[in-house]
S.K.: 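Sharing a structure, written as structure tokens. Questions coming.
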Amino acid sequence: MAHTDTPTTPITPTTPIDNEGGLQTLLEYQAILDNASLGITFTLNGVFLHCNERFSEMFGWTSKELIGQPTTLAYPSIEAYRDLGKVAEQTLGAGKRMDIEILLKRRDDSTFWCRMMANAIDPLDHSKGTIFITEDITERRSASEAIRQLLLEQQAILANAHIGIAFVKDDLIVTCNQHLEHIYGYRHGELANVSFSKLLQTVDSFEPELEITSDIAKGTSFIREVRQKKKDGSLFWCSMTANLVDQTALEKGAVWLLDDISERKQAQDALMQARLELELRVLERTAELANSNQQLQHEIQVRQLAEERIRHLANHDALTGLPNRRLLEDRLVQALSQAKRNQKMVAVKFIDLDRFKEVNDKLGHRIGDLLLQMVANRLRGLLREIDTISRIGGDEFILVLSDMTSEQHVLETADKILHALSQPYLIEQHTLSTTPSIGIALYPRDGDHPEQLMSKADIAMYQVKKKGRKGYHLYSEDD
């Protein structure tokens, strides 16, 4: 997956902090942190010592609540924390920047994908702590695969791009990160106290101070894409975003985010050129395609139906059309998560048809398959849309009943299922009878993991078999 734009190093001051200006400088640093679109935190000995508001918001905490808390609370498990520690030890121990995409945990135990970068304060002395820069890339990660496929033959756009950050006051660069210097081709420290307007001189008409004032007056952020000139005179396309530290006072300065988007612009131009060429070829062949268009449309429809069928079969039982075990487990995970939030019960019911093998042996598998389809239809008619019915193989079905209010509610539903499935089935010239054995496990009483609940429901079902079939049984630790 392509990385997203992020700073590579902590922002370093370009002006010294003296006794008189120290407080103001600290306030400016804090403003940079609080206006950053990325999460930034400082940890020492496995404890949060400081973080900006974006970092706290990302994890569902306030900054004051996080201070003094162990950093393990941001990880889904202690194993995940230790695994990251091994990577960090190898990378930071070698004096390198760690850049990784990892699954982290919010305060409410939900998880999200995060791009995390870390730099040791002192690569030679890790006891001085570490700065982490984080970005929630959940949505971007979900979309990145589709984007990568769409632009597979084009160069990757912003795959490993970074963002330059600068704090500007009175048209001077008060402080900036090293990546901003890298974007414009300057050595470290060369941009200290440089005129920002001079740095942004372009081949296009652009007056940053005037334009940012105009945008802020409209109540919007300053956003532009303009051509910029590097120190060596070469040109590149740059995306710029700016926000004032104080929306009512331009003189207090602004935070700027700058990103080299030359590759994206080139890709857009290439895609546009490809589109124009394609449209030209289409126009040239319009007459020829007119005669074959109907057949082409038919082939497209057939292909779409086939793809839809493949997607359906990947998650459903071919005989009954019910969700298969794969889709069942996904829905059970969702049901348990929702039940946990709403403090409700979830019932998992394991159904086995009594003496189903005799139907197959006497009348053949075709009649047996028709019987299974009729059982599936009866179950569909009994349950709600929020419930899940799954055939996991043979004559075995698993039901997931969400938002159950009580054990009595669960048993009443089981009684209805028992009665409905025990009624005779008229299949061709045969009147068939079969009964269900139903084992029931409950969340949270009997467990909180899908495999655990299905296993206990299976055990409870065998208790029904032992007692003579045709019935239902709630799982008990004595089973």
Side-chain angles (χ1 to χ4, degrees), residues 1 58-60 72-81 83 101-114 136-146 310-318 320-352 376 379-380 382-393 396-407 409-410 413-414 417 438-461 474-475:
M1 173 179 173
M58 190 180 301
F59 288 87
T72 53
L73 59 77
Y75 298 84
S77 65
I78 191 64
E79 290 77 12
Y81 175 78
D83 290 342
E101 292 182 3
I102 187 172
L103 195 65
L104 296 179
K105 183 181 71 173
R106 298 188 181 93
R107 185 177 189 176
D108 63 3
D109 288 335
S110 63
T111 56
F112 68 100
W113 278 101
C114 178
D136 186 341
I137 60 170
T138 304
E139 294 184 2
R140 196 174 303 165
R141 185 182 176 95
S142 298
S144 64
E145 181 59 23
I310 291 171
R311 286 194 294 269
H312 181 81
L313 291 176
N315 291 294
H316 292 80
D317 172 45
T320 63
L322 295 176
N324 58 19
R325 189 181 187 95
R326 174 184 174 184
L327 183 55
L328 166 70
E329 291 177 352
D330 287 343
R331 291 189 178 176
L332 181 51
V333 168
Q334 296 174 14
L336 294 178
S337 177
Q338 181 176 353
K340 182 176 181 180
R341 291 193 301 270
N342 299 335
Q343 297 184 342
K344 293 291 185 70
M345 297 172 59
V346 175
V348 177
K349 298 185 177 183
F350 196 113
I351 299 177
D352 183 89
L379 289 172
R380 287 191 185 97
L382 288 171
L383 301 183
R384 305 162 297 177
E385 290 186 1
I386 64 173
D387 300 324
T388 297
I389 312 166
S390 173
R391 176 175 176 243
I392 61 172
E396 294 178 336
F397 298 81
I398 289 183
L399 313 183
V400 177
L401 280 60
S402 304
D403 291 340
M404 305 305 289
T405 57
S406 65
E407 289 187 10
H409 186 192
V410 174
T413 306
I417 295 172
I438 307 172
I440 308 170
L442 300 177
Y443 165 86
R445 190 192 73 178
D446 300 324
D448 57 3
H449 295 289
E451 289 297 335
Q452 185 180 25
L453 290 169
M454 288 189 290
S455 175
K456 290 184 176 180
D458 188 17
I459 293 172
M461 182 273 293
L474 275 173
Y475 174 80

S.K.: If you define the side chain from C-beta out and look only at heavy atoms, does anything of K344 sit under 4.5 Å from Q338?
M.R.: no
S.K.: Among K456, E396, M454, find the one that has a side-chain contact (heavy atoms from CB on, under 4.5 Å) with F350.
M.R.: E396
S.K.: Using the rule given for side-chain contact (heavy atoms from CB on, under 4.5 Å), can you reason through W113 versus L103, listing the C-alpha separation, both sets of side-chain angles and the distance that settles it, and then say yes or no?
M.R.: CA-CA 5 Å; W113 278 101; L103 195 65; 3.8 Å; yes
S.K.: Measuring from L332:CG to S337:OG, what's the distance to the nearest 0.5 Å?
M.R.: 11.0 Å
S.K.: Nearest 0.5 Å, please: how far is OH in Y443 from NE2 in H449?
M.R.: 10.0 Å
S.K.: Any idea which heavy atoms bring V346 and A339 closest together, and the distance?
M.R.: CG2-CB, 3.5 Å
S.K.: Would you check if E407 and R445 make a side-chain contact, meaning some heavy-atom pair closer than 4.5 Å?
M.R.: yes
S.K.: Should K340 and D109 count as side-chain neighbours, where that means a heavy-atom distance under 4.5 Å?
M.R.: yes
S.K.: For a 4.5 angstrom cut-off between non-hydrogen side-chain atoms, does I392 reach F397?
M.R.: no
S.K.: Go through T320 and I389 one step at a time and tell me if the side-chain contact (heavy atoms from CB on, under 4.5 Å) criterion holds.
M.R.: CA-CA 10 Å; T320 63; I389 312 166; over 6 Å; no
S.K.: For Q334, which residues count as a side chain to side chain contact (heavy atoms under 4.5 Å, CB included) partner, sequence neighbours excluded?
M.R.: none
S.K.: Would E385 and R331 pass as an ion pair if we require N to O under 4.0 Å?
M.R.: no
S.K.: Please round to the nearest 0.5 Å and tell me the distance separating atom CD1 of I398 and atom CG of N324.
M.R.: 11.5 Å
S.K.: Give the minimum heavy-atom separation between R384 and D403, together with the two atoms involved.
M.R.: NH1-O, 4.3 Å
S.K.: Which pair of non-hydrogen atoms, one from H316 and one from G321, has the smallest distance, and what is that distance?
M.R.: CD2-O, 3.2 Å
S.K.: Given side-chain contact (heavy atoms from CB on, under 4.5 Å), test L322 with R380 step by step and report yes or no.
M.R.: CA-CA 9 Å; L322 295 176; R380 287 191 185 97; 3.5 Å; yes
S.K.: Of all heavy-atom pairs between A441 and A457, which one has the smallest distance, and what is that distance?
M.R.: CB-N, 3.7 Å
S.K.: Atom CD1 of I438 and atom OG1 of T413: how far apart are they, to the nearest 0.5 Å?
M.R.: 10.0 Å
S.K.: Testing the basics here: between S390 and P323, what is the closest heavy-atom pair and its distance to 0.1 Å?
M.R.: OG-O, 2.7 Å
S.K.: Could you tell me whether the side chain of D387 reaches within less than 4.5 Å of the side chain of L399, counting heavy atoms only?
M.R.: no
S.K.: Heavy-atom distance under 4.5 Å between the side chains of L379 and I417, does that happen here?
M.R.: yes
S.K.: Considering only NZ, NE, NH1 and NH2 on the basic side and carboxylate oxygens on the acidic side, decide whether R106 and D136 come within less than 4.0 Å.
M.R.: yes
S.K.: Keeping T388 on the side-chain end and L328 on the backbone end, is there a donor-acceptor pair under 3.5 Å?
M.R.: no
S.K.: Work out which heavy atom in G447 is nearest to a heavy atom in L453; give both atom names and the distance.
M.R.: O-CD2, 3.6 Å
S.K.: Keeping the roles fixed (side chain from K349, backbone from L401), state whether a donor-acceptor pair exists under 3.5 Å.
M.R.: no
S.K.: Are any of the side-chain heavy atoms of F59 and L73 separated by less than 4.5 Å?
M.R.: no
S.K.: Out of curiosity, I440 CD1 to Y475 OH, how far, rounded to the nearest 0.5 Å?
M.R.: 14.0 Å
S.K.: If you measure from CD1 on I459 to CG on D446, what distance do you get to the nearest 0.5 Å?
M.R.: 10.0 Å
